[in-house]
Amino acid sequence: MPSRACELAPLRAANAARDRLVLALDVADPAAAVELAQAMKPSFGIMKVGLELFIAGGPDIVTDVLATGCRVFLDLKLHDIPNTVERAAKRAGALGVSYLTIHTQGGADMLAAGARGLAAGAADGPRTPSAPTVLGVTVLTSDRDAPEGVLAERAAMAKRAGCGGVICAAPDLGVVSNAAPGLLRVVPGIRPAGVAAMDQGRVATPSAALSAGADLLVIGRAVTAASDPLAAAAAILAESGGALDGA
């Protein structure tokens, strides 16, 4: 008979996978976003609030999603003068977000200011499981001609500036790992086998991205546009758990 440890291994892998899966709540209705987060939290431990939803719901949407028991990934891709980014990041930290995106194109001073602001805001905000992380956006996954030199330069700059992680496409993971070892690697453009790439130029399956070194996977329309979103989410969780179990 299989041992108790063997029986529990798939469950542990699924739990570990859930903590690494981010669902993009790319809807315009805050109430629908909260409902979606509640329904999908068995498969996703982190919920991404992007520009459309944040503009529709304001800071309250972050509070409402946090109330579901999930962490929040605030994807605003801040890009402005350092003082403005620092002040905006401080407000985000006070809301209790776990992750905040800032575009690396804005330069090292801006990234460093954002990291300072996020940490300062978190000190005055609700407790989170860990210190919040600034994620430097390197090259958008819709860019099919991302030059390797720019990607490596931006990843290294993000690390020097105090970012905890970067966002990059799955094919860029090797470049990022070499240029900025130790950073959290967040990969959007995740598409299970058989799901259309749509407007994403560089995509990967969940298992392929995790095997290549991704730490967090951002998944949106592969679930939200599926004919059966709950089944699609469960399948991605199972695939991701299998990849981690076999690692």
Side-chain angles (χ1 to χ4, degrees), residues 13 15-24 44-50 71-78 97-106 108 111-112 114-115 118 128-144 146-192 197 200-220 222 236-237 239-247:
N15 288 336
R18 178 183 178 272
D19 289 339
R20 295 170 68 166
L21 296 181
V22 183
L23 180 67
F44 293 87
I46 308 166
M47 300 293 164
K48 183 175 82 72
V49 174
R71 289 176 287 162
V72 169
F73 177 131
L74 187 58
D75 185 22
L76 301 183
K77 299 180 180 67
L78 299 178
V97 304
S98 292
Y99 304 97
L100 174 68
T101 59
I102 300 180
H103 207 298
T104 57
Q105 192 173 17
L111 292 170
L118 186 65
T128 56
S130 59
T133 300
V134 167
L135 301 173
V137 178
T138 56
V139 178
L140 298 181
T141 53
S142 58
D143 184 351
R144 291 172 166 80
E148 183 174 309
V150 169
L151 174 68
E153 178 185 345
R154 289 179 179 177
M157 177 177 60
K159 184 173 182 178
R160 292 194 304 270
C163 295
V166 293
I167 298 184
C168 66
D172 300 332
L173 283 166
V175 174
V176 168
S177 296
N178 289 332
L183 287 186
L184 191 76
R185 292 154 297 188
V186 183
V187 176
I190 299 298
R191 295 287 188 271
Q200 297 286 4
R202 293 169 290 151
V203 301
T205 65
S207 56
L210 289 169
S211 297
D215 295 302
L216 299 180
L217 306 181
V218 182
I219 299 157
I236 288 171
L237 179 65
E239 179 181 342
S240 301
L244 295 176
D245 193 32

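This one's a predicted model, so the numbers in the text were calculated from it and none came from an experiment.
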Revision key, fill the gap. Separation between CG (L244) and CD (E239), nearest 0.5 Å, reads 10.5 Å

Review point. Got L21 and I219 here, is their nearest side-chain heavy-atom distance under 4.5 Å?
Key: yes

Review point. Measuring from R191:CZ to I236:CD1, what's the distance to the nearest 0.5 Å?
Key: 9.5 Å

Check your understanding: To the nearest 0.5 Å, how far apart are CG in L111 and CD1 in I102?
Key -> 6.0 Å

Point to revise | Heavy-atom donor-acceptor pair, R20 side chain to D215 backbone, under 3.5 Å | key: yes

Check your understanding: Between the main-chain N or O of G174 and the side-chain N or O of R185, is there a donor-acceptor pair closer than 3.5 Å?
Key -> no

**Study point:** Under 3.5 Å donor-acceptor, S98 side chain and P132 backbone
**Key:** no

Revision key, fill the gap. side-chain contact (heavy atoms from CB on, under 4.5 Å) test vs Y99 passes for just one of I167, L118, L184, L74, namely L184

Review point. Of the non-hydrogen atoms in A155 and A180, which two are nearest, and what is the gap between them?
Key: O-CB, 3.5 Å

Review point. Between V134, T133, V137, L100, which is the residue that forms a side-chain contact (heavy atoms from CB on, under 4.5 Å) with C163?
Key: V134

Review point. side-chain contact (heavy atoms from CB on, under 4.5 Å) with F73: which of T101, L23, V97?
Key: T101

Check your understanding: If we only count heavy atoms from C-beta on, is the D19 to R71 side-chain gap below 4.5 Å?
Key -> yes

Study note, to complete from the structure: In terms of heavy-atom contacts, V175 and A152 come closest through CG1-CB, 3.8 Å

Review point. With sequence neighbours left out, what residues match R154 under salt bridge (Lys or Arg N to Asp or Glu O under 4.0 Å)?
Key: none

